[in-house]
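A quick write-up on the structure given underneath.
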Amino acid sequence: MQSAWFLGALVVPQLLGLSSGARGAEREWEGGWGGAQEEEQEREALMLKHLQEALGLPAERGDGNPEGTLEDKGTWETEENRPGEEEEEEATPTLSFSPSPSPTPEDPVTYILGRLASLDAGLHQLHVRLHVLDTRVVELTQGLRQLRTAAGDTRDAVQALQEAQSRAEREHGRLEGCLKGLRLGHKCFLLSRDFEAQAAAQARCVSRGGSLAQPADRQQMEALTRYLRGALAPYNWPVWLGVHDRRAEGLYLFENGQRVTFFAWHRAPHPEPSVAPHPLSPNQPNGGALENCVAQASDDGSWWDHDCERRLYYVCEFPF
């Protein structure tokens, strides 16, 4: 203890002398070296700050920042208001939240029953919609069946109309052939001035209720010759008859399939036995397999074989 007092007695005067020397030097600095004084103050403040951080002391306020910044003022105001806030917090009762009660075994059962009821309602709605769709499908099926029945009836009606039209056309052709053409016994012949192949001419005659002319004997042949000569004079036109040998060469048949027993083939005139026949009027038939259909000349009524695809006039035959 005595050594401490002794050490204090030695050190205090020296510190006072140093402080007085420092004040004198400070006055000199203030007189001539203001800038050095400020730098010394900054160094002292920095050393003090490092010393406080090393000792763990709180930093002093006011020396370094006498006026204080807005942040410091806000901090001081917060620290000053803290005691009151702590008192208010002590006065305000704290709210405690009690845990929710644990579910009872009945709650899951109720939930499941509710879900099952919802599913049952949804299934009921689906059944209702399916019933509506089934009803609509049945109606559409019935409508489609009715449309098919109506279409079948319409098709039958159209077919009946077509048949009636065909019968009317055949009857009209038959009447026209007998009124405008040549009536001979139970037959009527009518010349058509349209150029057609032999098969097409047969089809045209059939559509009008007849067929290509089929003279069965000399009487019919002579009557048909007079009719054609009077209709086409003064010209000589070949006219299709309903005679052909398409099935077999040399086997001549009518269009109805009957065999031809009467022929009127053209024969070249022979005024003298030593004179050859004229090349433009050879004996008929002479076409072989290339000419299988028969046409009648309108001037003399003779028969000529021709290519069946050649387009000629034709004469139709109608029953009377």
Side-chain angles (χ1 to χ4, degrees), residues 173 176-178 180-206 208 210-273 275-318:
E176 183 182 16
C178 292
K180 294 182 179 181
L182 172 65
R183 179 182 173 185
L184 182 63
H186 298 287
K187 290 183 179 181
C188 298
F189 297 99
L190 179 64
L191 174 66
S192 176
R193 298 175 184 270
D194 296 329
F195 291 98
E196 296 289 350
Q198 200 270 353
Q202 171 65 13
R204 293 286 297 274
C205 291
V206 170
R208 298 173 65 181
S211 65
L212 286 174
Q214 307 173 45
D217 51 30
R218 183 171 294 276
Q219 181 182 3
Q220 294 182 8
M221 181 65 193
E222 292 177 354
L224 183 59
T225 300
R226 289 192 297 270
Y227 169 67
L228 293 178
R229 185 186 301 117
L232 298 175
Y235 306 104
N236 181 19
W237 291 95
V239 180
W240 283 126
L241 298 178
V243 180
H244 62 85
D245 64 343
R246 287 189 294 260
R247 183 176 299 179
E249 181 63 25
L251 179 62
Y252 288 92
L253 303 174
F254 287 119
E255 288 293 340
N256 59 9
Q258 295 180 0
R259 188 168 182 175
V260 179
T261 58
F262 170 79
F263 296 96
W265 294 113
H266 172 75
R267 292 290 182 257
H270 295 280
E272 297 179 2
V275 178
H278 196 280
L280 297 180
S281 60
N283 294 331
Q284 298 295 319
N286 67 339
L290 299 177
E291 298 178 349
N292 296 319
C293 295
V294 178
Q296 180 177 338
S298 64
D299 59 348
D300 61 355
S302 60
W303 289 7
W304 297 64
D305 61 344
H306 290 279
D307 182 6
C308 296
E309 298 301 321
R310 186 177 178 183
R311 298 169 66 86
L312 305 175
Y313 288 165
Y314 60 94
V315 59
C316 293
E317 175 185 305
F318 302 96

- Item | Minimum-distance pair of heavy atoms, taken over all atoms of Trp240 and Ala201 | CD1-CB, 4.5 Å
- Query: What are the two closest heavy atoms between Gly288 and Asp305, and how far apart are they?
  - Reply: N-OD2, 4.3 Å
- Query: Run the side-chain contact (heavy atoms from CB on, under 4.5 Å) check on Leu290 and Asp307 step by step: do they pass?
  - Reply: CA-CA 6 Å; Leu290 299 177; Asp307 182 6; over 6 Å; no
- Closest non-hydrogen atom pair between Arg208 and Glu176, with its separation: NH2-OE1, 3.1 Å
- Query: Taking atom CD of Gln219 as the centre, does the number of heavy atoms from other residues, nucleotides or ligands within less than 6.0 Å exceed 12?
  - Reply: no
- Task: Please round to the nearest 0.5 Å and tell me the distance separating atom CG of Leu182 and atom CZ of Arg226.
- Result: 8.5 Å
- Item | Minimum side-chain heavy-atom gap Asp217-Phe262 below 4.5 Å | no
- Task: Report yes or no: does Lys187 contribute a side-chain atom to a donor-acceptor pair with the main-chain N or O of Ala213 at less than 3.5 Å?
- Result: no
- Carefully, step by step, assess His244 and Asn292 under the rule side-chain contact (heavy atoms from CB on, under 4.5 Å). CA-CA 6 Å; His244 62 85; Asn292 296 319; 5.5 Å; no
- Between the side chains of Gln198 and Glu255, does any donor sit under 3.5 Å from an acceptor? yes
- Shortest non-hydrogen pair, Leu253 vs Val260, comes out as C-CG2, 3.7 Å
- Heavy-atom check, side chain of Gln296 versus side chain of Met221, under 4.5 Å: yes
- Message: Between Trp303 and Tyr252, is the ring centroid distance below 6.0 Å?
- Response: no
- Task: Take Arg246 and Cys308 through the side-chain contact (heavy atoms from CB on, under 4.5 Å) test and state the conclusion after the steps.
- Result: CA-CA 9 Å; Arg246 287 189 294 260; Cys308 296; 3.8 Å; yes
- Task: Would you sort out whether Trp265 and Val294 count as a side-chain contact (heavy atoms from CB on, under 4.5 Å), showing the intermediate values?
- Result: CA-CA 9 Å; Trp265 294 113; Val294 178; 3.7 Å; yes
- Rounded to the nearest 0.5 Å, how far apart are CG of Asp245 and SG of Cys293? 8.0 Å
- Query: Can you tell me how far the CG atom of Leu241 sits from the OH atom of Tyr314, to the nearest 0.5 Å?
  - Reply: 14.0 Å
- Note on the structure: Here the gap from Tyr227 atom OH to Leu184 atom CG, rounded to the nearest 0.5 Å, amounts to 12.5 Å
- With distance as the sole test, does Arg267 use its side chain to make a donor-acceptor pair with the main-chain N or O of Asn283 at under 3.5 Å? no
- Over all atoms of both residues, closest heavy-atom pair of Gln202 and Leu212: OE1-N, 3.0 Å
- Message: Could you check whether any side-chain heavy atom of Leu228 comes within less than 4.5 Å of a side-chain heavy atom of Tyr313, counting everything from C-beta outward?
- Response: no
- At their closest point, which heavy atom of Ala297 faces which heavy atom of Asn236, and how far apart are they? CB-OD1, 3.7 Å
- Should the heavy atoms of other residues, nucleotides or ligands under 6.0 Å from CZ of Arg229 be counted, would the total exceed 12? yes
